[in-house]
S.K.: 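Right, I'll just put the structure down here and ask away after.
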Amino acid sequence: MSGPTSVDFKKPTSITGGCLCGAIKYKVDFPDDHDFLKLSGSCQCTQCRRNTGTLILVAHTAPLSGFTFLTPTTALKKFYATPGIQRAFCTECGSLLYWRDESCDDLELAVGTVDPEFLSEYGFAITNASGNNIWCENEIKGVTDAMVGKDRGTKWARSKEEGIRM
């Protein structure tokens, strides 16, 4: 049985997720025209590595208008390593939920926080990395250079805004 392809995959209308301890839960509703390929990507910047404890953060761009918290946000904290860029995490367990450029109308959802039943059914749609894969100049040769975006998406040396492709 073959897996999903970039032209044939299931797309969710909404997903739920949350932090490790369950103090923070969220829901994302996607518009009908949501481009699941273009809006799935990864980051290898030093800030994301230190914030997540992983070499690559796989993220999915979600519309801010479709993002809602299902629980109180008393355990939610926003940290600013860069002015105007918020990183939202749980103060109880430390889970990074998303990062967001406050000048934009969307957020970059940490896909590891998506509930397992949605990852199981819609994993390709949410995590395919066919969009922008940023800070690839930080790739670790022989390790992360072959993990994400090798055959799909656009690899950027730093941010997409700087316009240096790899």
Side-chain angles (χ1 to χ4, degrees), residues 9-31 34-136 138-140 143-144 147-149 152-153 156 158-160:
F9 60 94
K10 292 175 71 172
K11 301 167 186 77
T13 55
S14 65
I15 58 172
T16 59
C19 65
L20 178 62
C21 71
I24 302 172
K25 294 183 186 276
Y26 63 80
K27 180 180 182 184
V28 178
D29 291 311
F30 296 107
H34 188 78
D35 189 339
F36 285 93
L37 292 175
K38 180 182 172 190
L39 297 173
S40 178
S42 67
C43 183
Q44 295 189 57
C45 78
T46 301
Q47 289 180 8
C48 284
R49 286 180 174 173
R50 289 183 175 172
N51 193 205
T52 64
T54 63
L55 295 175
I56 298 174
L57 169 66
V58 178
H60 192 89
T61 305
L64 196 56
S65 61
F67 184 87
T68 54
F69 287 104
L70 302 175
T71 56
T73 57
T74 52
L76 184 71
K77 172 111 176 157
K78 295 173 185 170
F79 174 74
Y80 295 83
T82 303
I85 308 293
Q86 62 176 250
R87 295 171 179 274
F89 66 95
C90 175
T91 59
E92 298 296 319
C93 66
S95 294
L96 172 71
L97 298 164
Y98 65 83
W99 69 267
R100 177 173 177 258
D101 179 338
E102 293 178 334
S103 69
C104 298
D105 292 330
D106 51 32
L107 55 82
E108 302 299 325
L109 187 65
V111 298
T113 65
V114 174
D115 285 335
E117 59 270 24
F118 291 99
L119 285 176
S120 176
E121 187 167 357
Y122 303 108
F124 183 86
I126 301 166
T127 68
N128 65 72
S130 292
N132 293 307
N133 298 290
I134 59 175
W135 285 92
C136 293
N138 288 353
E139 288 177 334
I140 300 168
V143 181
T144 65
M147 292 175 78
V148 174
R152 297 190 295 263
W156 298 96
R158 293 188 180 170
S159 70
K160 177 179 77 168

S.K.: Just wondering, do Ile24 and Thr113 contact through their side chains at under 4.5 Å, heavy atoms?
M.R.: no

S.K.: If the condition is side-chain hydrogen bond (donor to acceptor under 3.5 Å, both in side chains), which residues does Thr82 pass it with, not counting sequence neighbours?
M.R.: Gln47

S.K.: Enter the distance from Thr91:OG1 to Leu76:CG here, rounded to the nearest 0.5 Å.
M.R.: 8.0 Å

S.K.: Which residues pass the side chain to side chain contact (heavy atoms under 4.5 Å, CB included) test with Pro31, sequence neighbours left out?
M.R.: Asp33, His34, Pro63

S.K.: Apply side-chain hydrogen bond (donor to acceptor under 3.5 Å, both in side chains) to Ser103 and list each qualifying residue two or more places apart in sequence or on a separate chain.
M.R.: Asp101

S.K.: Which atoms form the tightest heavy-atom contact between His60 and Ala125, and what is the distance?
M.R.: CE1-O, 3.5 Å

S.K.: Is any side-chain heavy atom of Phe36 less than 4.5 Å from a side-chain heavy atom of Tyr122?
M.R.: no

S.K.: With sequence neighbours excluded, tell me which residues meet side chain to side chain contact (heavy atoms under 4.5 Å, CB included) with Thr52.
M.R.: Thr54, Leu57, Leu96

S.K.: So which pairs with a foot in residues 68-94 pass salt bridge (charged side-chain N to carboxylate O under 4.0 Å, His left out), sequence neighbours left out?
M.R.: none

S.K.: Nearest 0.5 Å, please: how far is OG in Ser42 from CG in Asn128?
M.R.: 10.5 Å

S.K.: Output every pair passing ring pair (Phe, Tyr, Trp, His ring centres under 6.0 Å) with a member in residues 74-94, not counting sequence neighbours, ordered by first then second residue.
M.R.: none

S.K.: Quick one: side-chain hydrogen bond (donor to acceptor under 3.5 Å, both in side chains) partners of Arg100, sequence neighbours excluded?
M.R.: none

S.K.: Taking salt bridge (charged side-chain N to carboxylate O under 4.0 Å, His left out) as the cut-off, I'd like each qualifying pair that reaches into residues 103-121, sequence neighbours left out, listed once.
M.R.: Lys10-Glu121

S.K.: Judged by atom type as modelled, is there a donor-acceptor pair below 3.5 Å linking the side chain of Thr127 to the main-chain atoms of Gly123?
M.R.: yes

S.K.: Kindly indicate whether the side chain of Asp35, heavy atoms from C-beta on, has any atom under 4.5 Å from the side chain of Phe30.
M.R.: no

S.K.: Using ring-ring contact (aromatic ring centres under 6.0 Å, His included) as the criterion, list what pairs up with Phe67, not counting sequence neighbours.
M.R.: Tyr26, Phe69, Tyr98

S.K.: Residues two or more places apart in sequence or in another chain: which of them pass side chain to side chain contact (heavy atoms under 4.5 Å, CB included) with Thr46?
M.R.: Arg50, Asn138

S.K.: For residues 63-76, which residue pairs pass the side chain to side chain donor-acceptor pair (under 3.5 Å) check, not counting sequence neighbours?
M.R.: none

S.K.: For atom CG of Leu70, decide whether the heavy atoms of other residues, nucleotides or ligands shown that lie under 6.0 angstrom number more than 12.
M.R.: yes

